[in-house]
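Numbers here simply count residues along the sequence, with the first being 1.
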Amino acid sequence: MKTMTLHISGMSCAACANNIDRILKNLDGVITAEVNFGTEKVRLTLDESKRSFDQIADALKQSGFTLHPPQEDEAAAVAQRKAQEMESLRRRFVWSAIFTIPLTVFAMIPMFLMEAGLTWIPYNLDPMNFPAANMIIQTLLTAPVLIVNRRLFRDGFRTLFGGHPNMDSLIAKGTTVAVAYSLYLAVQTLFFGAHYMPYYEVAAVILTLVVLGKYLEAKTKGKTSEAIQKLMGLAPKTAKIVRDGREIECPIEEVAVGAVIVVRPGEKMPVDGLVLSGETAVDESMLTGESMPVHKRVGDKIIGASINKNGSIQYRATKVGKDTVLSQIIQLVEQAQTSKAPIARLADIISGYFVHVVIAIALLSGLAWLLSGAGLGFSLRILISILVIACPCALGLATPTAIMVGTGKGAEHGILIKSGEALETAHKIKTVVLDKTGTITEGNPHVTDILTWGACGEDALLRLAAAAETRSEHPLGEAIVALGRKKFDILPEPEAFRSITGEGVEATVAGKDILIGNARLMDNRGVAVTAYTADSDRLAYEGKTPIYVAVDETLAGIIAVADVIKPTSRAAVKQLQSMGIDVVMLTGDNRRTAEAIAREAGIDQVFADVLPQDKAAHIKNLQAQSEKVAMVGDGINDAVALVQADVGIAIGSGTDIAMESAKIVLMGGDLMGVASAIYLSKRTLRNIKQNLFWAFAYNVLGIPIAMGLLYLLFGGPLMSPMIAALAMSFSSVSLLLNVLRLKKMKLAI
């Protein structure tokens, strides 16, 4: 099986997407197919042993749709096709307008002047004086408009006769009726001496306005996918690599895994890698949403497309091409924009039947007015107005375009939402469950307190302890060494060292015997610690690990080490609680430490001493008590719980397994991203509901007016088919403008 996301052209409305969906799902070998009208893409999973890409493309081509094969630079290919399509629409509009404007002036102005009782109409423009010439001129001016827009008629009638009519079918049918009736009137005028006013200008104006609407729609819709274009534009085109001892510049496509890359201040990192030499600060804000530059030294990870700020470094490429973090982000955003939210199902169901219902309503309304004695011209005007105004474009654009902008906005702030379903579900979250280590806390132990007694001061105690721990591999010892190396240029080399499992270490530093460890180690070596139990207990209550340090068999002090909470964790918890969301901590750590961290973070409910395999069960219990539950984690032991939750949210600094298991990924390590993701979901869903309301309201109000309800009840006005075309075109554009308001949304709540 193979899954791919492909660009598809030829869709004019949501009915087209439903038609494509039906065709694909009836093909043997197509496992799943998800068509998105807003993005003009289809996500396919197929068994290539049963059905090839060419066979699928041929099946769609018979229905008037073009499935484009995958290309190396897919984004550039899609952008080029869309640019060509927009240019084609622009040309069609210009040529249509060139002939429609004089046609409208020639047909309408004399009629308006006559109805106003004005007698100064030029003799040679008066259709009553030269009806035959007038009819010929209007016919000749209409013909180019029909020719320029012949594709609309071809596609419209093909889908109509195929039993799956779309927007083009409604327009084609309405304008064909107007032109056919006008031709009938032309024959009567030219050969039988009758004086009739044709409906040519109605057909021409409708076609011109429809093309204008499609052009504006395509142009506005292009702005909804700017996030993807911005992400694709982040990657540099070239890289400076070291080859045979020389620094050369090459296209980024030629950079291979293992290549040594040189980056100077102000330049972008071409690909992902690990720092080999040098130190610098790196701006990763365009990928993670973190505004502060990140300090990088030897061994640290580099993310491609991030910006080197102030130092020159060399780093080894570890991921290139489609494996880089940037490429994976783009893939996730594209996948989310192609997927459908559950709320879109209602629109899909309605649009699947909508065109059939509209055609039936139009025919019945026209026939009813004709039978009532209103006249053929009046009845045709009703029929054409209904067909034109009821195109389901706005209905089809309501959901996918909002999802495009919402997921794109999230990506700009380091929030990767993997699907439309995750985006919709997030706004319903009532409980957020937080893992402790690496999620609420930094994930790395730090020295928090240094207590000393006797003649040994803080600096002296830290220097001796850090020197003694340099040969230790314990995380707590590494935290002491890290602070020692930060404060002192050089640490003394221990003259002797021994690690004592479960207790601590002993060493000789600068001729002094050093013991570092827990109370058991001190008791075993006869070092009295009873007098300092209160200090030790206080530190433990605060969630810190007290480490005793003895110098020459006398207790010299206590160094406390803890995994401190992130600077924004407390504010993030408070923000979630202010949104009416319950916050719970779920951790495998001991209860005393967990409760201390929870107090500091402002969390009331804590589940501690939870084994990795039991985390999912706790999530399930919370789901039984709450509507929707989100799990936030970063480790391998969180993966099952992330899948069990209604929305799994992975901290991007965590493991790949956690990120793959989650439905939302926060590229930065800031918990404020959780509140931002939920807020983004609320705003996007509100926008979708607004769009669906106005799309439904537009048709609910527009169709009865086009049927002549106001004329029937109050004697007027009767909707003109040209006004119907204008309303139909700009309903989609106004909806898209509403969607684009999401781009101005601020996620810093």
To the nearest 0.5 Å, how far apart are [atom1] in [X] and [atom2] in [Y]?
{"X": "K173", "Y": "I384", "atom1": "NZ", "atom2": "CD1", "result": "11.5 Å"}
{"X": "I649", "Y": "D435", "atom1": "CD1", "atom2": "CG", "result": "13.0 Å"}
{"X": "L685", "Y": "I403", "atom1": "CG", "atom2": "CD1", "result": "8.5 Å"}
{"X": "L89", "Y": "F93", "atom1": "CG", "atom2": "CZ", "result": "11.5 Å"}
{"X": "L423", "Y": "I664", "atom1": "CG", "atom2": "CD1", "result": "7.5 Å"}
{"X": "D28", "Y": "R51", "atom1": "CG", "atom2": "CZ", "result": "6.0 Å"}

Would you confirm whether [X], through its side chain, and [Y], through its main-chain N or O, come within 3.5 Å as a donor-acceptor pair?
{"X": "R150", "Y": "I147", "result": "yes"}
{"X": "Q55", "Y": "S52", "result": "yes"}
{"X": "S681", "Y": "H427", "result": "yes"}
{"X": "K409", "Y": "M745", "result": "yes"}
{"X": "K743", "Y": "G408", "result": "no"}

Exercise for review: Evaluate the side chain to side chain contact (heavy atoms under 4.5 Å, CB included) criterion for residues L46 and M4: first the C-alpha distance (whole Å), next the side-chain angles of each, then the deciding distance (0.1 Å), finally the verdict.
Suggested key: CA-CA 9 Å; L46 63 143; M4 59 182 80; 4.0 Å; yes

Please report the shortest heavy-atom distance between [X] and [Y], naming the atom on each side.
{"X": "T407", "Y": "M404", "answer": "OG1-O, 3.2 Å"}
{"X": "T318", "Y": "G273", "answer": "OG1-CA, 3.3 Å"}
{"X": "G304", "Y": "L326", "answer": "O-CB, 4.3 Å"}
{"X": "A178", "Y": "A203", "answer": "CB-CB, 4.1 Å"}
{"X": "P270", "Y": "P236", "answer": "CA-CG, 3.5 Å"}
{"X": "V674", "Y": "V432", "answer": "CG1-CG1, 4.3 Å"}

Only counting residues at least two apart or in another chain, list the ones meeting side-chain hydrogen bond (donor to acceptor under 3.5 Å, both in side chains) with [X].
{"X": "T32", "result": "T45"}
{"X": "T431", "result": "S626"}
{"X": "N687", "result": "N691"}
{"X": "R158", "result": "D155"}

**Study point:** Listed partners of F157 passing ring pair (Phe, Tyr, Trp, His ring centres under 6.0 Å), at least two apart
**Key:** F161

Do [X] and [Y] touch side chain to side chain, with heavy atoms closer than 4.5 Å?
{"X": "I303", "Y": "K301", "answer": "no"}
{"X": "L160", "Y": "I359", "answer": "yes"}
{"X": "L363", "Y": "L383", "answer": "yes"}
{"X": "I252", "Y": "K237", "answer": "no"}
{"X": "R81", "Y": "E40", "answer": "no"}
{"X": "V640", "Y": "K615", "answer": "no"}
{"X": "D323", "Y": "V271", "answer": "no"}
{"X": "Q644", "Y": "Q623", "answer": "yes"}

Review point. If you measure from the Lys or Arg side-chain nitrogens to the Asp or Glu carboxylate oxygens, is any gap between R91 and E87 under 4.0 Å?
Key: yes

Check your understanding: Should the pair D168-K214 be classified as a salt bridge under the 4.0 Å nitrogen-to-oxygen rule?
Key -> yes

Practice item. Check whether more than 12 heavy atoms from other residues, nucleotides or ligands sit under 6.0 Å from atom CZ of R151, and answer yes or no. Key: no

Exercise for review: Taking atom NZ of K682 as the centre, report whether more than 12 heavy atoms of other residues, nucleotides or ligands fall under 6.0 Å from it.
Suggested key: yes

Point to revise | Chi angles and distances behind the side chain to side chain contact (heavy atoms under 4.5 Å, CB included) call for R92, L152 | key: CA-CA 11 Å; R92 282 171 59 187; L152 186 148; 4.2 Å; yes

Exercise for review: Let me see the working for L666 and I415 under side chain to side chain contact (heavy atoms under 4.5 Å, CB included), right down to the final yes or no.
Suggested key: CA-CA 5 Å; L666 306 180; I415 302 169; 4.0 Å; yes

Revision key, fill the gap. Sorted by chain and number, sequence neighbours left out, side chain to side chain contact (heavy atoms under 4.5 Å, CB included) with K428 holds for E424, K628

Practice item. List the steps and the verdict of side chain to side chain contact (heavy atoms under 4.5 Å, CB included) for F153 and L207. Key: CA-CA 10 Å; F153 290 93; L207 291 172; 4.0 Å; yes

Review point. So, S96 versus N149: side-chain donor-acceptor pair below 3.5 Å or not?
Key: yes

